[in-house]
Amino acid sequence: MTGAGRTTPVAVDGRPGTRQPNLPVARGTLSAYLLEHLATPPHPLKAPPAPACASWASDDLQLALYVCYELHYRSFAGVDEGWEWHPDLLRFRAELEVVFERGVRAVVAAGAPLRPRAADDVEHQLWSLASGGKGPSLSAYVAAQATLEQVRELAVHRSAYQLKEADPHTWAIPRLAGGAKAAMVEIQADEYGGGREAEMHASLFAVTMAELGLDNSYGAYLDWLPGFTLATVNLISLFGLHRRLRGALVGHLAIFEMTSVVSMGRYSAALARLGVGEAGRRFYDVHVLADAHHEHVAAHDMAGRLAVDEPALVADILFGAMAVTAVEARFTSAILDRWARNEPSLLRGIEVPSP
Ligand SMILES: [Fe+2]
Ligand SMILES: [Fe+2]
């Protein structure tokens, strides 16, 4: 099953490549307005629709925001580079961001939010959040019972982030100083494979996708991704592109690193159970090793140090950590709910070449 007029991507080689993706198909008023304008040269934007009327979690708002942010990454084929800093487009993006950030803050507040304590206690608070794990676990489900089709779906969901892994967090580097900056650079250097293309984590994920018979070109599956998936990536871009949210970005990266080892080991085990070879599992195996070190660098040297150096950011560090936990929890339950009903979790079906 594929959408009207679009074909299922086909697997290419094991490298992410540099080809720009096509603009996606609109999902509502906000994205339709944006996509219509981006298809033409930069010009003043008149009477944009009001994002304030949309739910922060809607597919339409999340896609519109995702497209705005992608202008700062690889952009899209045929889109004039002048749109990236076009004032009218930035104004529209800012309105989307207000709705998104307000929505995420409300979800965090509705949970049991961590209360900021002393700056030197942030590391301890992050560890308690990372080991909290109250909700269902996607990796535990996948390890125990996911089918190959479900593993493929999950790889498609994660491709939105993993094919640009580390890029959104890198926005923080020029905004940090001293020990926190050095710690982030240490982590990011590993994420980028120490400067070796084949070892970049994005490259390793591209190999996994190819081994699963999926198209690993950047942005190939954007039309397949629900709003709850796009929100997981938009959250990092929001934090990364605003200096005022650098503390939240650091908290986000810290939780990423501090919750990685067990889940990555489970995903590797799931792929082994399903007969996927070493090359396809390497992305996960590398993370099990790397993140056993990164989790301490992230908690102590990066987030802990930032809190001590800039105590005014303590609340933001914790907010970033709670925000990623909340948005990932929504992602997990949305997928597990669909799988429990024997439904696909993507907006379109995926076809893979027969072996
Ligand atoms: Fe990584
Ligand atoms: Fe890592």
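Note that ligands are numbered from 1 as they come in the structure, with each ligand's atoms numbered from 1 the same way.
- The closest side-chain donor-acceptor pair between S203 and R196, if any, does not fall under 3.5 angstrom.
- When distances to the Fe ion (ligand 1) are checked against a cut-off of 2.8 Å, D291 contributes no N, O or S atom below that limit.
- Among the backbone and side-chain atoms of H287, an N, O or S atom lies under 2.8 Å from the Fe ion (ligand 1).
- Counted by atom type alone, W339 and E153 present one or more donor-acceptor pairs between their side chains at under 3.5 Å.
- With a 6.0 Å radius and a threshold of 12 heavy atoms from other residues, nucleotides or ligands, E343 has its CD atom above the threshold.
- Judged purely by distance below 3.5 Å, without hydrogens or angles, the side chains of S237 and Y73 pair a donor atom with an acceptor atom.
- The angle that E191 OE2 and H294 ND1 make at the Fe ion (ligand 2), rounded to 10°, works out to 90°.
- Here the angle centred on the Fe ion (ligand 1), running from ND1 of H201 over to OE2 of E165, is 120°, rounded to 10°.
- Counting heavy atoms of neighbouring residues, nucleotides and ligands inside a 6.0 Å radius, atom CD of E278 does not exceed 12 of them.
- The Fe ion (ligand 2) has an N, O or S atom of E257 inside 2.8 Å of it.
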